[in-house]
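Below you'll find the structure, written out as structure tokens, and then a few comments.
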Amino acid sequence: MSDPSYIKRPNRPLQVYAAIFLIVLYVPVLFLPLFSFNDSIYVKFPLQGFTFQWYFELMEREPVLAALRNSIQVGIATSVFSTGIGIFAAKAITRYHIPGKGPIVGFIMLPLVVPGIIFGVALLVLLSNLGIPLSLYTVTIGHVIVCLPFAIATMIPRFEGFDASVEEASADLGENAWWTFWRVTFPMVFPGILASLLLTFTVSFDEFIMAFFLTGTDPTLPMYIWSQLRFPQEFPSVLALASIILVVSFALVFLGQWINRDAHAAASKGE
């Protein structure tokens, strides 16, 4: 029998490693909001002063607002499509015996490991050969490919913890498959759906590589930021914009993970 005191004993080396990992990963990112308040166009220490000037200027720039609208439109469309596909894909993966399920799931998850530039070039060549003009629609197609693995990975735990006998009881009571899904399955996996929507929207909103290859005349927000990096006088505004995106993205991802984890914990207690 294992010693309970040994189980509860903290692993100091692991804690030190985790702390160093978080510092190396996040401290450089935290310099973005710090320098966004600097009263100078040059990024250097010590700061010249404290100002909100760069944030106020963003609200007066129509190109920024237009790029923001484009990113929101693409993000909403991407999250809806990828989550919709992810729901049924996750259900099929967890509920049914599919020949070659392993290779199929691995193929779906390829965007997580294959460099985005490969998919970007491939889609650009394909769309060019098909004569499809580049636009926000083509960007959405690329983002759905990138976000689909995130949606499926978020939905699979919800279906794995779902009691299939509830659906069987609904079918025994005379409901068809469609109404069983809407009245039984959908409410029970809704926290995972909401988490998937938030996560995939965030990934799409921040995605640059696909947008770089597939954007037409309407840039998304990451594309706008990239285009402004060539002008030193615009760099403070870019830092302010990047800081806003950083805060919003962190909040959305944290909210999505919190909803999914809280719902999973509640379901575990219910069992």
Side-chain angles (χ1 to χ4, degrees), residues 25 28-29 32 63-90 93 103-156 195-231 234-235 238-239 241-246 248-250 252-253 256:
L25 184 64
V29 178
L32 284 178
V64 174
L65 299 179
L68 175 61
R69 287 193 295 268
N70 293 337
S71 287
I72 292 176
Q73 291 173 4
V74 171
I76 292 175
T78 299
S79 62
V80 171
F81 278 109
S82 57
T83 300
I85 299 172
I87 292 172
F88 298 102
I93 291 171
I104 293 175
V105 174
F107 179 77
I108 295 174
M109 296 297 177
L110 272 180
L112 294 177
V113 295
V114 175
I117 190 173
I118 303 298
F119 284 104
V121 172
L123 277 175
L124 178 60
V125 172
L126 176 62
L127 294 173
S128 298
N129 289 333
L130 294 176
I132 300 176
L134 299 182
S135 64
L136 294 180
Y137 295 104
T138 57
V139 176
T140 302
I141 293 173
H143 283 191
V144 169
I145 294 175
V146 172
C147 293
L148 185 57
F150 291 96
I152 295 176
T154 304
M155 293 303 305
I156 284 179
S196 175
L197 288 171
L198 292 173
L199 179 59
T200 52
F201 176 85
T202 305
V203 173
S204 172
F205 191 85
D206 297 338
E207 209 282 328
F208 170 76
I209 296 179
M210 283 292 188
F212 179 81
F213 286 100
L214 303 177
T215 296
T217 57
D218 299 317
T220 58
L221 205 55
M223 285 296 299
Y224 174 82
I225 292 176
W226 177 81
S227 67
Q228 297 301 301
L229 292 177
R230 296 171 292 176
F231 309 106
E234 301 293 337
F235 194 64
V238 170
L239 289 178
L241 185 57
S243 300
I244 295 175
I245 294 175
L246 177 66
V248 173
S249 299
F250 176 81
L252 290 178
V253 172

Distance from [X] atom [atom1] to [Y] atom [atom2], nearest 0.5 Å?
X	Y	atom1	atom2	answer
L127	I141	CG	CD1	6.0 Å
L221	R69	CG	CZ	11.5 Å
I145	E207	CD1	CD	10.5 Å
L126	T138	CG	OG1	11.5 Å

Could you pull out the closest heavy-atom pair between [X] and [Y], with the gap in Å?
X	Y	answer
G84	F88	O-CD1, 3.1 Å
G86	L148	N-CD1, 4.0 Å
T154	L199	OG1-CD2, 3.6 Å
A90	M155	CB-CB, 3.6 Å
Y224	P219	N-CB, 4.5 Å

**Report entry** Derivation and outcome, side-chain contact (heavy atoms from CB on, under 4.5 Å), residues V146 and F119
**Finding:** CA-CA 9 Å; V146 172; F119 284 104; over 6 Å; no
Requested in this report: Measure from the side-chain N and O atoms of S204 to the backbone N and O of F201, and report whether any donor-acceptor pair falls under 3.5 Å.
Outcome: no
Report task. Return yes if some donor-acceptor pair links the side-chain N/O of S135 with the main-chain N/O of G216 below 3.5 Å, else return no. Result -> no
Query raised in the report: Is the count of non-hydrogen atoms from other residues, nucleotides or ligands lying under 6.0 Å from F81 atom CZ greater than 12?
Result: no
Query raised in the report: Just wondering, more than 12 heavy atoms not from I117 lying within 6.0 Å of its CD1?
Result: no
Report task. Begin with the C-alpha distance, continue with both residues' side-chain angles, and end with the deciding distance and a verdict on side-chain contact (heavy atoms from CB on, under 4.5 Å) for M109 and I152. Result -> CA-CA 9 Å; M109 296 297 177; I152 295 176; 3.6 Å; yes
Report task. Measure the acute angle between the ring planes of W226 and F212, then classify it against the limits of 30° and 60° as parallel, tilted or perpendicular. Result -> perpendicular
Looking at side-chain heavy atoms only, is the closest gap between [X] and [Y] below 4.5 Å?
X	Y	result
I245	F205	yes
F150	L112	yes
S79	C147	no

**Report entry** Passing option when L214 is tested against I132, L123, L136 for side-chain contact (heavy atoms from CB on, under 4.5 Å)
**Finding:** L123
**Report entry** Under the side chain to side chain contact (heavy atoms under 4.5 Å, CB included) test, residues paired with T140 that sit two or more places apart
**Finding:**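 Per chain and number, T140 pairs via side chain to side chain contact (heavy atoms under 4.5 Å, CB included) with V74, A77, T78, V144.
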Report task. Decide whether T83 and S196 meet the rule of one side-chain donor and one side-chain acceptor closer than 3.5 Å. Result -> yes
Requested in this report: Taking side-chain hydrogen bond (donor to acceptor under 3.5 Å, both in side chains) as the test, write out the residues that go with N70, two or more places apart.
Outcome: none
